[in-house]
Chemist: 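Got a structure for you, written out below as structure tokens; questions coming shortly.
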Amino acid sequence: MTQAYEHLDPVTLKAWLDEAKPLTLVDIRDPLSYAQGHIPGSRHLDNATVGDLLDQAPRDQAMVVVCYHGHSSQQAATWLAGQGFAHVYSLDGGFTDWEHRHPQRVMRQS
């Protein structure tokens with residue numbers, strides 16, 4: 001079986017966000033890490049919220065999965081692609097790399 005998702009580099013994600021490309025951005029980190037900082041526009045995804053995602057997210061729109069370092073998101077992206085999402089991406093380097101490259105593009109709880 002071929003890989004069901006693609007890798008996405010932070011430069012491309014930044015360009016997509018700058019262009020306002022329609023996409024679903026999901027963050028699979030633990031709730032506290034997500035609350036302490038996440039990419040604006042992302043939604044937290046865990047066992048409690050996955051049902052809503054499956055019901056609401058457009059299947060033909062790009063979906064980008066974010067984790068800590070870009071490893072766990074690959075498994076989640078494979079699973080989501082298996083749920084019928086057509087264009088699933090795992091963010092290389094994860095949130096840690098994104099925050100390092102774009103600290104001004106991190107939403108933090110006040």
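Any value given below was found using the heavy atoms of this structure, including those in side chains, with hydrogens, waters and symmetry copies removed. Position 1 is the first residue of the sequence, and the numbers go up from there.
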Chemist: If hydrophobic clusters are built from ILVMFWY residues whose side chains come within less than 4.5 Å, do V65 and L8 share one?
Modeler: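 V65 does not cluster with L8.
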Chemist: Indicate yes or no: at least one non-hydrogen side-chain atom of I39 is less than 4.5 angstrom from one of K14.
Modeler: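 Answer no - side chains too far apart.
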Chemist: Supply the atom-to-atom distance T78 OG1 to Y5 OH, rounded to the nearest 0.5 angstrom.
Modeler: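 Answer rounded to 0.5 Å: 5.0 Å.
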Chemist: I want to check a possible cation-pi pair here: R59 against F85, using under 6.0 Å from ring centre and within 45° of the ring axis as the test.
Modeler: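 Flagged: R59 positioned over aromatic ring of F85.
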Chemist: Let's go through R105 and L17 carefully: what are the C-alpha distance in whole Å and the side-chain angles of both, what is the deciding distance for side chain to side chain contact (heavy atoms under 4.5 Å, CB included) to 0.1 Å, and is it a yes or a no?
Modeler: CA-CA 10 Å; R105 296 189 74 159; L17 293 172; 3.5 Å; yes
Chemist: State, yes or no, whether a side-chain contact exists between V50 and W79 at a heavy-atom distance under 4.5 Å.
Modeler: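 Yes; the side chains approach each other to less than 4.5 Å.
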Chemist: Could you report the tightest heavy-atom contact between S73 and S90, atom names first, then the distance?
Modeler: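 Heavy-atom minimum between the residues: OG-OG, 2.6 Å.
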Chemist: Nearest 0.5 angstrom please: D92 CG to H71 NE2, how far?
Modeler: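 Result: 9.5 Å between the selected atoms.
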Chemist: Does a side-chain heavy-atom distance below 4.5 Å link V11 with R101?
Modeler: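 A side-chain contact exists here, since the closest heavy-atom pair is under 4.5 Å.
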Chemist: Work out which heavy atom in K21 is nearest to a heavy atom in A62; give both atom names and the distance.
Modeler: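 In this case the closest contact between K21 and A62 is CE-CB, 4.2 Å.
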Chemist: Side chains of W98 and L13: closer than 4.5 Å at any heavy-atom pair?
Modeler: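 Side chain of W98 against side chain of L13, heavy atoms only: contact under 4.5 Å found.
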Chemist: Nearest 0.5 Å, what's the CG-CG distance between D30 and D46?
Modeler: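 D30 atom CG to D46 atom CG measures 10.0 Å (nearest 0.5 Å).
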Chemist: Side chains of V66 and S42, heavy atoms from C-beta outward: is any pair under 4.5 Å?
Modeler: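 A side-chain contact under 4.5 Å is absent here.
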Chemist: Taking the side chain as everything from C-beta on, heavy atoms only, tell me whether I28 gets closer than 4.5 Å to Y34.
Modeler: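 No, their side chains stay 4.5 Å or more apart.
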Chemist: Hey, are the side chains of C67 and F95 touching, using non-hydrogen atoms and a 4.5 Å cut-off?
Modeler: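 No - every pair of side-chain heavy atoms lies 4.5 Å or more apart.
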Chemist: So does R29 get a backbone contact from the side chain of S33, meaning a donor-acceptor N/O pair under 3.5 Å?
Modeler: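 No, the answer is negative, given that no donor and acceptor are paired below the 3.5 Å cut-off.
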Chemist: Shared ILVMFWY cluster between L45 and V64, side chains joined below 4.5 angstrom?
Modeler: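 In one cluster with L45: V64, no.
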Chemist: Please check if any side-chain donor atom of T49 sits under 3.5 Å from a side-chain acceptor atom of D52, or the reverse.
Modeler: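 T49 vs D52: no donor-acceptor pair found between side chains.
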Chemist: Are V106 and L25 connected in a single hydrophobic cluster, I mean Ile/Leu/Val/Met/Phe/Trp/Tyr linked by side-chain heavy atoms less than 4.5 Å apart?
Modeler: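 Yes, because L25 and V106 connect within a single hydrophobic cluster, where side-chain heavy atoms sit under 4.5 Å apart.
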Chemist: Side chain to side chain contact (heavy atoms under 4.5 Å, CB included) for E6 and H87? Distances and angles first, verdict last.
Modeler: CA-CA 8 Å; E6 295 180 51; H87 309 286; 5.6 Å; no
Chemist: Any chance you could lay out the side chain to side chain donor-acceptor pair (under 3.5 Å) test for Q61 and T24, step after step, and finish with the verdict?
Modeler: CA-CA 7 Å; Q61 181 171 287; T24 302; 3.2 Å; yes
Chemist: Is the gap between the ring centers of W16 and Y89 under 6.0 Å?
Modeler: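 W16 vs Y89: aromatic centres under 6.0 Å.
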Chemist: For D27 and H38, test the side chains for any donor-to-acceptor distance below 3.5 angstrom and give the result as yes or no.
Modeler: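 No, because no side-chain N or O of D27 sits under 3.5 Å from a partner of the opposite role on H38.
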Chemist: May I ask you to test the L53-M63 pair for a side-chain heavy-atom distance under 4.5 Å?
Modeler: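 Result yes, sub-4.5 Å side-chain heavy-atom pair found.
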Chemist: Return the minimal non-hydrogen interatomic distance between D97 and P10, and the atom names on each side.
Modeler: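 Reported closest heavy-atom pair: OD2-CG, 3.2 Å.
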